[in-house]
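All figures in this text were calculated on a predicted structure; none of them were measured in a lab.
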Amino acid sequence: MSTFYIRVIIYLLCFFLSMYGLMALDFSKFILKGKVRQTYVLYFVLACSLAYLFGNFLMSIIYFFY
């Protein structure tokens with residue numbers, strides 16, 4: 001059961017790191033006028049995707065050396 005909590009913490013940490021990293025991109029160049037809500041959805045989906053990939057990468061490295 002403790003591995004579940006470790007995985008959740010890793011995924012949450014990676015989610016916040018990916019949100020922080022995505023803040024460096026200027027999405028205003030890619031937004032159509034009046035499509036702000038869709039941009040927020042895209043931002044959230046990108047952050048979730050990056051967090052999932054980065055979390056799986058970290059967990060595979062941890063389990064490889066553990």
Side-chain angles (χ1 to χ4, degrees):
M1 194 63 159
S2 65
T3 58
F4 171 75
Y5 294 120
I6 293 171
R7 291 179 67 175
V8 168
I9 289 170
I10 288 174
Y11 279 129
L12 286 175
L13 179 68
C14 290
F15 178 75
F16 290 122
L17 284 174
S18 65
M19 292 279 286
Y20 181 72
L22 284 174
M23 281 189 226
L25 296 177
D26 185 19
F27 283 106
S28 65
K29 295 179 183 177
F30 306 111
I31 303 174
L32 297 175
K33 292 192 183 224
K35 301 291 183 179
V36 177
R37 185 178 299 158
Q38 287 90 349
T39 304
Y40 288 136
V41 170
L42 176 65
Y43 185 77
F44 183 75
V45 168
L46 285 174
C48 288
S49 302
L50 286 173
Y52 177 75
L53 291 172
F54 187 50
N56 279 341
F57 173 72
L58 286 178
M59 284 187 281
S60 67
I61 287 177
I62 290 170
Y63 291 136
F64 179 73
F65 289 114
Y66 184 65

Phe15 reachable from Met23 in the ILVMFWY side-chain graph, under 4.5 Å edges: yes
When rounded to the nearest 0.5 angstrom, what is the spacing between CD1 in Ile31 and CG in Leu42? 9.5 Å
Taking all non-hydrogen atoms of both residues, which atom of Phe54 and which atom of Cys14 are closest, and how far apart? CD2-SG, 3.2 Å
dist Leu13:CG -> Leu58:CG (nearest 0.5 Å) comes out at 8.0 Å
Following the transitive rule for hydrophobic clusters with a side-chain heavy-atom cut-off under 4.5 Å over Ile, Leu, Val, Met, Phe, Trp and Tyr, establish whether Ile61 and Leu17 coincide in one cluster. yes
Residues Ser18 and Ala47: closest non-hydrogen pair is OG-O, 2.9 Å
Once rounded to the nearest 0.5 Å, what's the spacing between atom SG of Cys48 and atom OH of Tyr43? 11.0 Å
Heavy-atom distance under 4.5 Å between the side chains of Thr3 and Tyr63, does that happen here? yes
Can you hop from Leu53 to Ile9 via hydrophobic side chains spaced under 4.5 Å? no
Same cluster for Leu22 and Tyr40 if Ile/Leu/Val/Met/Phe/Trp/Tyr side chains link at under 4.5 Å? no
Below 30° counts as parallel, above 60° as perpendicular, anything between as tilted: where do the rings of Phe30 and Phe27 land? perpendicular
Any side-chain heavy-atom pair from Asn56 and Ser60 closer than 4.5 angstrom? no
Which value, rounded to the nearest 0.5 Å, describes the distance between Ile10 atom CD1 and Tyr5 atom OH? 15.0 Å
Quick one: CE on Met19 to CG on Leu46, what's the gap to the nearest 0.5 Å? 10.5 Å
